[in-house]
Amino acid sequence: MNKAVFLAAVLAFASCKKEGSEKTDQTNETYSEGESAKAKTPEELGKQLFEGTGNCFACHQPDQKVIGPSIKEIAKIYKDKNGNMVNFLKGNAEPIVDPSQFAVMQTNFAITKEMSDEELKAIETYIYSHLK
């Protein structure tokens with residue numbers, strides 16, 4: 001997948017989430033706690049966060065590129081390159097899927113940095129579940 005397309009998708013998503021970030025942060029925290037309580041497995045929690053609090057699905061679909069690369073492509077690249085999604089989502093690792101779009105993705109770190117390690121690992125588990 002084209003890295004520039006992924007970054008553009010991330011930037012588009014990030015710009016949407018920027019407005020009302022104060023309000024969103026409070027809502028995300030509450031929603032996240034609610035989702036954690038409902039989830040039975042890390043994969044379920046990851047899916048709930050991916051589609052809910054993180055709003056990742058706005059740019060990433062399981063099998064096709066919409067704005068960003070598909071979930072399967074992200075999982076494959078991270079697996080092949082032995083990348084660390086959790087560190088990346090914390091803002092502590094270099095981008096490996098599409099480095100040219102890194103500036104766009106950085107705006108989403110406001111959301112992912114607020115997530116717990118458990119939540120970030122759950123998102124990672126959900127993404128890797130698409131390799132099955």
Side-chain angles (χ1 to χ4, degrees):
M1 163 138 268
N2 185 327
K3 292 180 181 181
V5 173
F6 171 73
L7 289 178
V10 173
L11 284 175
F13 170 72
S15 65
C16 293
K17 293 301 264 181
K18 248 183 166 177
E19 294 181 43
S21 62
E22 257 183 79
K23 210 188 273 185
T24 303
D25 289 343
Q26 293 169 349
T27 302
N28 285 348
E29 183 178 39
T30 302
Y31 184 76
S32 181
E33 290 170 5
E35 293 305 313
S36 296
K38 289 186 224 173
K40 293 182 173 113
T41 67
E43 185 177 329
E44 289 174 356
L45 174 59
K47 182 178 185 199
Q48 291 168 353
L49 293 166
F50 192 91
E51 294 175 352
T53 305
N55 197 29
C56 310
F57 76 98
C59 296
H60 305 286
Q61 296 297 308
D63 297 319
Q64 64 183 4
K65 176 195 173 296
V66 177
I67 295 172
S70 71
I71 299 169
K72 282 185 178 181
E73 182 174 359
I74 294 167
K76 182 178 180 340
I77 290 170
Y78 268 88
K79 181 181 178 193
D80 291 349
K81 294 187 176 188
N82 198 26
N84 188 319
M85 273 185 243
V86 171
N87 280 343
F88 177 72
L89 294 172
K90 287 180 174 183
N92 297 330
E94 294 298 314
I96 62 172
V97 175
D98 189 355
S100 68
Q101 293 293 321
F102 185 57
V104 175
M105 184 66 187
Q106 284 183 316
T107 58
N108 289 336
F109 291 152
I111 297 167
T112 57
K113 283 181 177 181
E114 295 297 318
M115 292 182 178
S116 69
D117 283 354
E118 175 190 4
E119 290 169 323
L120 294 173
K121 286 177 195 259
I123 290 172
E124 179 181 55
T125 298
Y126 172 68
I127 290 172
Y128 279 133
S129 76
H130 287 80
L131 291 175
K132 296 177 184 174

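Everything numeric here is computed off the predicted structure, so don't read it as measured data. Just so you know, residue 1 is the first one in the sequence shown, and it goes up from there.
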**OP:** Rounded to the nearest 0.5 Å, what's the gap from CD1 on Ile77 to NZ on Lys72? Could you check?
**Re:** 14.5 Å
Subject >> Side-chain heavy-atom pair Asp63, Ser70 within 4.5 angstrom cut-off >> reply: no
Subject >> Min side-chain heavy-atom separation His60-Pro69 under 4.5 Å >> reply: yes
Subject >> Approximate separation, where rounding is to 0.5 Å, of Ile74 CD1 and Cys56 SG >> reply: 8.5 Å
**OP:** Over all heavy atoms of both residues, which pair between Gly91 and Lys113 is shortest? Give the atoms and the distance, please.
**Re:** CA-CE, 4.2 Å
Original post:
With a 4.5 Å heavy-atom cut-off, do Tyr126 and Leu49 have their side chains touching?
Top reply: no
**OP:** Check whether any side-chain heavy atom of Met85 sits under 4.5 Å from a side-chain heavy atom of Leu120, and report yes or no.
**Re:** no
**OP:** For residues Ile123 and Met115, determine if any side-chain heavy atom of one lies less than 4.5 Å from a side-chain heavy atom of the other.
**Re:** yes
Subject >> Min side-chain heavy-atom separation Leu45-Glu118 under 4.5 Å >> reply: yes
**OP:** With rounding to the nearest 0.5 Å, note down the distance linking OG1 in Thr112 to NZ in Lys90.
**Re:** 10.5 Å
Original post:
With a 4.5 Å limit on heavy-atom distance, are the side chains of Glu124 and Phe88 in contact?
Top reply: no
**OP:** Kindly indicate whether the side chain of Val97, heavy atoms from C-beta on, has any atom under 4.5 Å from the side chain of Lys81.
**Re:** no
**OP:** Kindly give the heavy-atom pair with the smallest separation between Ile96 and Gly83, and that separation in Å.
**Re:** CD1-CA, 3.8 Å
Subject >> From NZ (Lys47) to NE2 (His130), nearest 0.5 Å >> reply: 8.0 Å
